[in-house]
Colleague: 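Before we start, here is the structure in question, set down as structure tokens.
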Amino acid sequence: MIFCLLTPQSKAKSCFEAVKQLVAKRACLKGSASDISKIIKGKVRFHNNKAKYIVEARKLFLRGNRVDIRSKLKSFANIIDLREWLVGNIKGLGYKEASHFLRNIGKGGNIAILDRHILKNLKLLGVIKEIPKTITKKTYFEIEKKMLNFAKKIGIPADKLDLILWRKQTGEYFK
């Protein structure tokens with residue numbers, strides 16, 4: 001989740017390095033926003049805000065002295081409701097980032113990660129006519145539906161298709 005909170009407008013590999021440093025310094029579970037900000041500065045954009053988002057998200061999942069994300073995730077009947085809860089309750093986590101998080105934990109089969117790489121390829125494939133300048137909730141869901149239908153039509157699960165399209169655009173597979 002921390003990785004997905006860091007990625008907006010930042011490079012994925014830099015975010016991953018930042019997460020590794022946060023883990024090494026045990027800042028994920030115990031660090032203050034100031035501690036986290038110092039560690040991620042220079043690796044992610046808006047490091048002060050993102051550090052605050054991490055601390056706020058951590059508070060949502062605290063059970064005594066430990067973080068328990070799993071039981072909260074299991075409390076939802078379906079992935080759509082879970083994603084809505086994530087977007088509505090975790091500051092800094094939009095539909096793209098929530099979908100990315102869910103895909104990375106193995107729950108993203110029926111949702112789409114609509115980042116610029118995916119959108120560019122959906123346009124090239126004729127799935128969408130144009131790349132929207134801004135993506136509202138309604139637009140996100142409309143494009144997501146088109147991508148899911150396309151994935152079904154070509155016989156590739158959506159969570160695998162986004163990795164394929166990411167690779168096509170960037171030349172590598174990554175988170």
Side-chain angles (χ1 to χ4, degrees), residues 1-24 26-29 40 44 50 53-64 66-122 125 127 135 137 140-175:
M1 181 172 293
I2 291 172
F3 173 74
C4 294
L5 283 168
L6 296 178
T7 57
Q9 298 186 27
S10 297
K11 296 192 179 296
K13 286 190 173 184
S14 295
C15 294
F16 189 65
E17 288 305 314
V19 170
K20 289 194 313 191
Q21 287 185 10
L22 289 169
V23 170
R26 300 184 180 267
C28 297
L29 300 177
I40 66 176
V44 302
K50 290 178 181 182
Y53 299 160
I54 291 167
V55 171
E56 288 176 29
R58 182 176 64 204
K59 288 177 188 174
L60 280 175
F61 300 106
L62 277 178
R63 303 292 178 263
R66 65 185 197 88
V67 174
D68 180 13
I69 295 175
R70 185 170 289 143
S71 63
K72 185 64 177 177
L73 299 180
K74 287 181 178 180
S75 72
F76 289 88
N78 64 65
I79 198 71
I80 302 302
D81 290 344
L82 172 54
R83 181 173 64 177
E84 280 298 324
W85 184 88
L86 291 169
V87 171
N89 289 279
I90 300 178
K91 193 167 185 167
L93 209 64
Y95 287 98
K96 177 186 79 166
E97 295 82 14
S99 298
H100 193 173
F101 168 68
L102 292 167
R103 197 268 329 263
N104 281 356
I105 64 167
K107 297 186 177 295
N110 293 316
I111 54 177
I113 303 167
L114 300 179
D115 70 6
R116 60 190 173 97
H117 304 295
I118 305 303
L119 293 169
K120 196 180 288 188
N121 278 283
L122 291 177
L125 292 165
V127 176
I135 299 184
K137 178 179 177 178
Y140 194 97
F141 291 158
E142 288 171 354
I143 295 172
E144 179 177 61
K145 185 176 181 180
K146 289 177 183 181
M147 181 176 167
L148 295 174
N149 287 337
F150 178 72
K152 188 174 184 176
K153 179 180 171 185
I154 64 171
I156 299 174
D159 57 340
K160 307 297 185 273
L161 181 59
D162 74 45
L163 285 171
I164 292 167
L165 297 178
W166 171 273
R167 170 123 169 70
K168 181 182 178 295
Q169 192 65 32
T170 66
E172 62 186 344
Y173 290 111
F174 187 73
K175 291 250 163 231

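For this chain, numbers begin at 1 and follow the sequence in order.
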Colleague: Please test Leu102 against Asp159 for side chain to side chain contact (heavy atoms under 4.5 Å, CB included), starting from the C-alpha separation and ending with a verdict.
Modeller: CA-CA 10 Å; Leu102 292 167; Asp159 57 340; over 6 Å; no

Colleague: Evaluate the side chain to side chain contact (heavy atoms under 4.5 Å, CB included) criterion for residues Leu148 and Glu144: first the C-alpha distance (whole Å), next the side-chain angles of each, then the deciding distance (0.1 Å), finally the verdict.
Modeller: CA-CA 6 Å; Leu148 295 174; Glu144 179 177 61; 3.9 Å; yes

Colleague: How many angstroms lie between NZ in Lys146 and CG in Leu114, if you round to the nearest 0.5 Å?
Modeller: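 Here the interatomic distance stands at 11.5 Å.
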
Colleague: Roughly how far apart are Arg167 CZ and Ile164 CD1, rounded to 0.5 Å?
Modeller: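 So the CZ of Arg167 and the CD1 of Ile164 are separated by 10.5 Å.
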
Colleague: Do Arg103 and Leu163 make a side-chain contact, defined as non-hydrogen atoms from C-beta onward lying under 4.5 Å apart?
Modeller: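 The answer is yes; the side chains approach within 4.5 Å.
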
Colleague: Supply the atom-to-atom distance Leu161 CG to Leu122 CG, rounded to the nearest 0.5 angstrom.
Modeller: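 Going from CG on Leu161 over to CG on Leu122, the span is 7.0 Å.
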
Colleague: Report the relative orientation of the aromatic rings in Phe76 and Trp85; use parallel for angles under 30°, tilted for 30 to 60°, perpendicular for over 60°.
Modeller: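 It falls in the tilted class, 30° to 60°.
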
Colleague: Please determine if Lys137 and Glu84 form a salt bridge, counting it only when a charged side-chain N lies under 4.0 Å from a carboxylate O.
Modeller: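 Yes.
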
Colleague: Could you tell me how the ring of Tyr140 sits relative to the ring of Tyr95: parallel (under 30°), tilted (30 to 60°) or perpendicular (over 60°)?
Modeller: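 Judged by the thresholds at 30° and 60°, the geometry between Tyr140 and Tyr95 is tilted.
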
Colleague: Hey, is CZ on Arg116 packed in by over 12 heavy atoms from elsewhere, all under 6.0 Å?
Modeller: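 For Arg116, atom CZ is not crowded (no more than 12 foreign heavy atoms under 6.0 Å).
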
Colleague: Start with the C-alpha distance between Leu86 and Glu97, add both sets of side-chain angles, then the distance that settles side chain to side chain contact (heavy atoms under 4.5 Å, CB included), and finish with yes or no.
Modeller: CA-CA 9 Å; Leu86 291 169; Glu97 295 82 14; over 6 Å; no

Colleague: Going by side chain to side chain donor-acceptor pair (under 3.5 Å), name the pairs with one or both residues in residues 105-115, residues two or more places apart or in two chains.
Modeller: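 Residue pairs passing side chain to side chain donor-acceptor pair (under 3.5 Å), neighbours aside: none found.
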
Colleague: For the atom pair CD1 (Ile111) and NE2 (His100), what is the distance rounded to the nearest 0.5 Å?
Modeller: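 If we round to the nearest 0.5 Å, Ile111:CD1 and His100:NE2 are 11.0 Å apart.
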
Colleague: Is the shortest distance from a Lys or Arg side-chain nitrogen in Glu142 or Lys145 to a carboxylate oxygen in the other one below 4.0 Å?
Modeller: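 Between Lys145 and Glu142 there is no salt bridge, as every charged N stays at least 4.0 Å from the carboxylate O atoms.
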
Colleague: Distance from Thr7 atom OG1 to Phe3 atom CZ, nearest 0.5 Å?
Modeller: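 Here the rounded value is 5.5 Å.
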
Colleague: If you define the side chain from C-beta out and look only at heavy atoms, does anything of Met1 sit under 4.5 Å from Ile90?
Modeller: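 In short, these two side chains touch, coming nearer than 4.5 Å.
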
